[in-house]
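The next block holds one structure in the form of structure tokens; read it before the comments.
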Amino acid sequence: MSLIARIASLSNRDRITTVGMALTGIWLFLMALFWLLGPAAPSDSPGGVARLVLTMGMVLPVALIWLGVSLARQLAELRAEAQDLRARLARMRGDAPLDEDLPLSDLPPQDPAMPDDARAEPAQSRAEPASRGDAPRPRAPLPKARPTADQRQAALRLDPQGESVDPVTLIRALNFPDGPDDHDAIDALRHALQDPAHSRVLRAAQDVVTLMAGRDVYMDDLPPESARPDVWRRFAAGERGSAVAALGGIHNPDALEIATAMLAEDEIFRDTAHHFLRHFDGLLAGLVPALDDMQIAVLADSRSARAFMLLGRVSGVFG
């Protein structure tokens, strides 16, 4: 699930939780009124069965309320995931914008679990009739991919050339929105995603941050040990090893352990992480030389940079 879809899901879950708390409060208030205004209890103490029935009558409605809340929250999350999946598949087809909500009938007849190499084969087979002089049927334009190219990256490539993005907007987009009310960050993210070069980095960062959040590793909980701006400049200039080791500023042992395990055991996460590291490295090479010290510090504290420092540390990128 992308970050924006996750924010929407969390917002819906918060509303559902509020409804559950309100219903629980109403029930407890009614129980209090019953005890205060109800008939006086008989002199004989109730038996064990009567006490059990009374306790169940008090507790069972509350349990049913929160069971309904739990089911409603899961349903809201499943709806958000389904909407995000429709948008992702539409982007891979190359004819839908980022946040467009497409009906199920518009989904391409592709299996999302199909390997990338298998998806590349139909494109190659379609190219063969054209080489023999046959007139191909009109089709939506698809990005060309070499057998050795990253098919996932090729699927996310946008044809139109968007406007250039200034560094301040790009840094704000790399930090991602704090919530559905963070309109400045949402606008910055949408604007940056219109630039094909930056959209690859941002989408890869979204995937990495979302996958790690699924293992309870949140970038907001990982404040990095700040590296000097000149260390970032040396890394952007191509230096590696001990000279830039300070960039691995994430020292949270639980996060490092989980990230290491995910890289070792989860092939999808490993490919996504390497894809993100490669493109974020290229972004730094072009962006950092144009930034001043304060802008570099803000960039280093963004959620995307924290993910880069965490994964770069466990992958040995910084030596």
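Just so it is clear, the structure is predicted and the values come from calculations on it, not from any experiment.
A distance-only check finds a donor-acceptor pair linking the side chain of Thr24 to the backbone of Gly20 [under 3.5 Å]. Judged by distance alone, the side chain of Trp232 and the main-chain N or O of Leu247 form no donor-acceptor pair under 3.5 Å. Of the possible polar contacts, one joining the Arg240 side chain to the Phe235 backbone as a donor-acceptor pair under 3.5 Å is found. Remark: side-chain polar atoms of Ser304 are paired, donor with acceptor, to backbone N or O of Leu174 under 3.5 angstrom. Listed for the Ser315 side chain is a donor-acceptor partner under 3.5 Å among the backbone atoms of Leu311. The closest donor-acceptor contact from the side chain of Arg303 to the backbone of Met219 lies at 3.5 Å or more, if one exists at all. Side chain of Gln295 to main chain of Asp292: a donor-acceptor pair is present (N/O by atom type, distance under 3.5 Å, no hydrogens or angles).
Contact check for Val19 versus Leu23: side-chain heavy atoms found under the 4.5 Å cut-off. Counting heavy atoms from C-beta on, the side chains of Trp66 and Thr17 come closer than 4.5 Å. Side chains of Met212 and Val208 form a contact here, defined as non-hydrogen atoms less than 4.5 Å apart. By the 4.5 Å heavy-atom criterion applied to side chains, Asp187 and Thr169 are not counted as neighbours. In this structure, Arg233 and Ile296 have side chains that are in contact, with non-hydrogen atoms separated by less than 4.5 Å.
Ion pair Arg234/Asp230 flagged as a salt bridge, since at least one NZ, NE, NH1 or NH2 atom sits closer than 4.0 Å to an Asp/Glu carboxylate oxygen. Taking the charged nitrogens against the carboxylate oxygens, Arg172 and Asp184 have no contact shorter than 4.0 Å, which rules out a salt bridge. Salt-bridge check for Arg215 with Asp266: failed, with every basic side-chain N at 4.0 Å or more from each acidic carboxylate O. Taking the charged nitrogens against the carboxylate oxygens, Arg306 and Asp221 have no contact shorter than 4.0 Å, which rules out a salt bridge.
Rounding to the nearest 0.5 Å places NE2 of His198 at 13.5 Å from CZ of Arg203. Rounding to the nearest 0.5 angstrom, the gap separating the OG atom in Ser199 from the CD atom in Gln206 is 10.5 Å. One distance of note links CD1 of Ile250 with CG of Leu256; it measures 8.0 Å at 0.5 Å rounding. Here the straight-line distance linking atom CZ of Arg313 with atom OG1 of Thr260 works out to 9.5 Å at 0.5 Å rounding. Rounding to the nearest 0.5 Å gives a distance of 9.5 Å between NE2 of His191 and CG of Leu170. Atom CG of residue Asp195 and atom CG of residue Leu202 lie 9.0 Å apart, to the nearest 0.5 angstrom.
The two atoms that bring Phe176 and Ala205 nearest to each other are CZ-CB, 3.7 Å, heavy atoms only. Across all non-hydrogen atoms, the minimal contact from Thr272 to Ala204 is CG2-O, 4.5 Å. Across every non-hydrogen atom of Val288 and Ala236, the tightest pair is CB-CB, 3.8 Å. Looking at every heavy atom in both residues, Pro224 comes nearest to Met309 through CB-CE, 3.5 Å. Here the shortest heavy-atom pairing between His251 and Gly248 reads CE1-O, 3.7 Å. Nearest heavy atoms, Val165 versus Ala192: CG2-CA, 3.8 Å.
A single hydrophobic cluster is seen to contain both Met21 and Ile16, as judged by linkage of ILVMFWY side chains at heavy-atom distances under 4.5 Å, directly or through other members. Grouping the Ile, Leu, Val, Met, Phe, Trp and Tyr side chains by contacts below 4.5 angstrom, directly or via other members, places Val168 apart from Leu299.
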After noting the C-alpha distance and the side-chain angles of Val217 and Leu222, does the key distance pass the side chain to side chain contact (heavy atoms under 4.5 Å, CB included) rule?
CA-CA 8 Å; Val217 178; Leu222 303 176; 3.9 Å; yes

Going through the checks in order, is the side chain to side chain contact (heavy atoms under 4.5 Å, CB included) test met by Leu291 and Ile171?
CA-CA 10 Å; Leu291 303 180; Ile171 292 173; 4.2 Å; yes

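Surrounding CD1 of Ile268 are at most 12 heavy atoms belonging to other residues, nucleotides or ligands under 6.0 Å away. Taking a 6.0 Å sphere around CZ of Arg270, one finds it holds more than 12 heavy atoms contributed by other residues, nucleotides or ligands.
Below 30°, between 30° and 60°, or above 60°: for Phe280 and Phe276 the angle between ring planes is between 30° and 60°, a tilted geometry.
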